[in-house]
Amino acid sequence: MDAQADETFRDFVANRSSALLKTAVLLSGGDRHGAEDLLQNALIKVAGRWNRIEEPEAYVRQVLYRQHISRWRLKWPRRELSVATTPEVSTPADAASAAELRLVMRGALARLTARQRTVLVLRYFEDLPEADVARILGCSVGTVRSTTHRSLARLRALAPELAALGPATVEQQPSQHKSPVEVRP
Amino acid sequence: MNVEELISDAFREQAADTMPAPPHFADRVLAVRRRRRTRRLVSVAAATVTAVAVAVAGPRLSTGRDDVRPASELNHNDVIGHPDQSPPRTLIAAGDTVLSAFYVTKAVEQPNGDDVLTRTYGLLDQKTGVYKKTRWAFLDVAPGSRTAAVLEGELPARRIGLLDLITGRVDRWIKTDRGVASVAFSPDGTKLVATTYAKNPDRMFADHKQDIDGKEVPGPVPSRTGFTVVDVDSGKSDWHKAPHPTDETGWFGNARADFAFSHDGTLVYAETPMKPFRDYYSLDGDRADWPADEKGRASAKAGLSPDGKLLAGEFAGYGATIAAAILDPHTHRQITTVPVQQLLAWADNKRLIAWGCDPKKCDGKGEFHNQLLLVTVGTNKVVPLSGFRKASADYPGRWTPIFSKR
């Protein structure tokens, strides 16, 4: 990396790392340290080919997603998420407000597998259609669809409160196509 | 609301709750990248050697069961802290630096009335990543944390061992013509400076009493003769005379006054209790000046940052404020401070490992109730790396850390 590349890389990290870290935290199910490690490793990979990348953010995000579901990381024993409280099973009546429901959902999302959570982040945080998710993760549209279906079923099993909600649509097209390079606050 | 909308809301709420990335994240990323690239180059070189060896020895294929990478490399997380451990039990590291060993000193009374201040080392076992009690009387760990130079008791020793931290075996002994009681690696790991003594510098002699608080107790005898620069590969050594400095009142200070290498490895120095506080020598044994950019007081062990742009300074606190100075190495002006007591080692160009006390209990004896912290220059953020040492300067089990490059 020459001096100019070093400078542009540092600028990119300074400007974009907080936004990228948000995505990494979601992928890691709220594990902040795991998220920093994930982002750090993605940025190291990107630094190696910095001069040849045209759209750095899209590239970093792709590395972030693929790295998170790579077999090597899934095999890594330290990826287990430890939380201070045991997950509580509550009845639908307990989950009164939307805020509570979001908290319940957050807890359930943290207990999904890395692959399941990654697909949900791409579908419902990045608002990407199934075809784009498949392209980013390097798998088929069918795999994205079945993983989404299984993830939703698993969320319902983990949080019975969700039964009170309306049914999930089979294929919900995002209202507006958003590229992963879009600048998020 | 359906499940997808709730997932979306939960994600957005969690993203909004996420604190910004740490400051100097790019520095951290580039430092880890540099470290991994260096290791990869070393691994390629090692793999070439191994391949040649296997070709000569015949087809004895590895089953992959014996992973020979050191623990400090297998766990490549940027910061590995154990705030519940004092003394440490499992690997502590930050950035490019690892706590490779620590020691505990104990006065052991001898049959003749002497006392020997004996060190017990906890040394990182690179196979398991835990600190193990060792039998060595003195040691230093080489950059890369794969090898330690070890001395046997009682000091001074007549040979230096090169201990493999993965196998726990001494690979090679280097004989010395004179008795040595300390060893220190050069920054590139190719040389050792061993300090030579006529007597054990840790022995307090009953026939050389000293007065401590009105009580006569065994005292030290100055016996430093000089230093030997050892080439680690060839084992060749070169001795130079360098006794303890004296002034008009005679000798004053510690019997142990060991040599270490300067930041760039071109000079060696020993600390002195009086001005100029450090005596520098060239590797050929000539007296040398204290390098301008390293100049500062000796208690900030961290010295110059790896890129040479910052110099770790002294304690700079006042009143209840705990702070240590960060200096410009050219002007020696204070650039900023960090909220710790003593700067021990640089983790990279912006972060330091330091002793820090509990801010609420730093008064009086509380200053000794301290733990290893990682601090970033330009921020007040500290990350605990170890548990607290007890609030006493001198208790059995009080440990002193030794750091080396990861």
Side-chain angles (χ1 to χ4, degrees), chain A residues 1 6 9-14 16-26 29-30 32-33 35-37 39-48 78 98-99 101-110 120-121 123-127 148 151-152 155-156 162 165-169 172 184-185, chain B residues 1-41 67 71 74-83 90-91 93-95 129 307 348-350 374 376 378 381 383-385:
Chain A
M1 206 183 240
D6 187 273
F9 179 77
R10 283 172 189 277
D11 280 351
F12 172 77
V13 176
R16 300 305 306 146
S17 55
S18 290
L20 290 164
L21 188 61
K22 287 176 193 274
T23 305
V25 166
L26 301 185
R32 165 82 188 203
H33 295 294
E36 283 189 20
D37 275 357
L39 180 57
Q40 175 184 292
N41 287 334
L43 288 171
I44 286 171
K45 207 163 186 177
V46 170
R78 288 181 292 106
L101 267 182
R102 282 198 298 276
L103 278 178
V104 169
M105 177 57 88
R106 234 197 245 195
L109 285 166
L120 295 188
V121 168
R123 289 284 286 120
Y124 304 120
F125 180 67
E126 303 285 9
D127 277 335
T148 309
S151 308
L152 297 178
L155 285 175
R156 285 203 185 81
L162 305 180
L165 297 170
T169 49
Q172 190 191 13
R184 290 187 182 282
Chain B
M1 184 185 276
N2 64 27
V3 175
E4 289 105 325
E5 285 165 341
L6 181 61
I7 294 171
S8 178
D9 286 354
F11 276 149
R12 275 170 224 294
E13 186 183 63
Q14 192 167 19
D17 288 349
T18 302
M19 299 286 284
H24 311 296
F25 198 58
D27 282 341
R28 171 173 145 183
V29 169
L30 293 173
V32 177
R33 176 171 178 257
R34 258 195 317 276
R35 208 164 63 223
R36 287 191 195 160
R37 275 160 61 93
T38 314
R39 264 194 224 122
R40 211 160 44 228
L41 293 175
D67 195 333
L74 277 174
N75 186 345
H76 58 249
N77 281 358
D78 182 54
V79 179
I80 306 163
H82 294 288
T90 44
L91 177 67
D307 63 3
D348 51 36
N349 291 325
K350 286 281 186 288
L374 179 69
T376 306
K381 191 185 159 198
V383 179
L385 296 176

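Order of the sequence lines sets the chain letters (A, B, ...), proteins ahead of strands, with each chain counted from 1. Side chains are part of it too, since the values below use all heavy atoms of this structure and drop only hydrogens, waters and symmetry mates.
The two atoms that bring A:Val13 and B:Ala26 nearest to each other are CG1-N, 3.6 Å, heavy atoms only. Taking both residues in full, the closest heavy atoms of A:Ser18 and B:Ala21 are given as OG-N, 3.0 Å, listed atom of the first, atom of the second, then distance. The two residues B:Val3 and A:Arg156 have their closest heavy-atom pair at CG2-NH2, 3.4 Å.
With a 4.5 Å cut-off on non-hydrogen atoms, A:Leu120 touches chain B through its backbone and its side chain both. For chain B, the nearby part of A:Phe9 is the side chain; its heavy atoms alone come within less than 4.5 Å. Using a 4.5 Å cut-off between heavy atoms, A:Leu20 does not touch chain B at all. Interface remark: B:Asp17 contributes side-chain atoms only to the contact with chain A (heavy atom separation under 4.5 Å). Of the atoms belonging to A:Ala14, not a single heavy atom falls under 4.5 Å from chain B.
With values rounded to the nearest 0.5 angstrom, B:Arg33 atom CZ is found 12.5 Å from A:Gln40 atom CD. Within the model, atoms CG of A:Leu39 and CZ of B:Phe25 stand 4.5 Å from one another, a figure rounded to the nearest 0.5 Å. Distance CZ/A:Arg32 to CE/B:Met19: 7.0 Å, rounded to 0.5 Å. Considering CD of B:Glu13 and CG of A:Leu26, their distance stands at 11.5 Å, rounded to 0.5 Å. To the nearest 0.5 Å, the span separating CZ on B:Phe11 from CE on A:Met105 amounts to 8.5 Å. How far CG of A:Asp127 is from CD of B:Glu4: 11.0 Å, rounded to the nearest 0.5 Å.
Looking at B:Arg34 and A:Asp6, no side-chain N of the basic residue comes within less than 4.0 Å of a carboxylate O on the acidic one, giving no salt bridge.
Contact count against chain B (heavy-atom pairs under 4.5 Å) is highest for A:Arg106 among A:Lys45, A:Arg10, A:Arg106.
The one candidate from B:Ile7, B:Asp9, B:Leu6 that meets the side chain to side chain contact (heavy atoms under 4.5 Å, CB included) condition with A:Tyr124 is B:Ile7.
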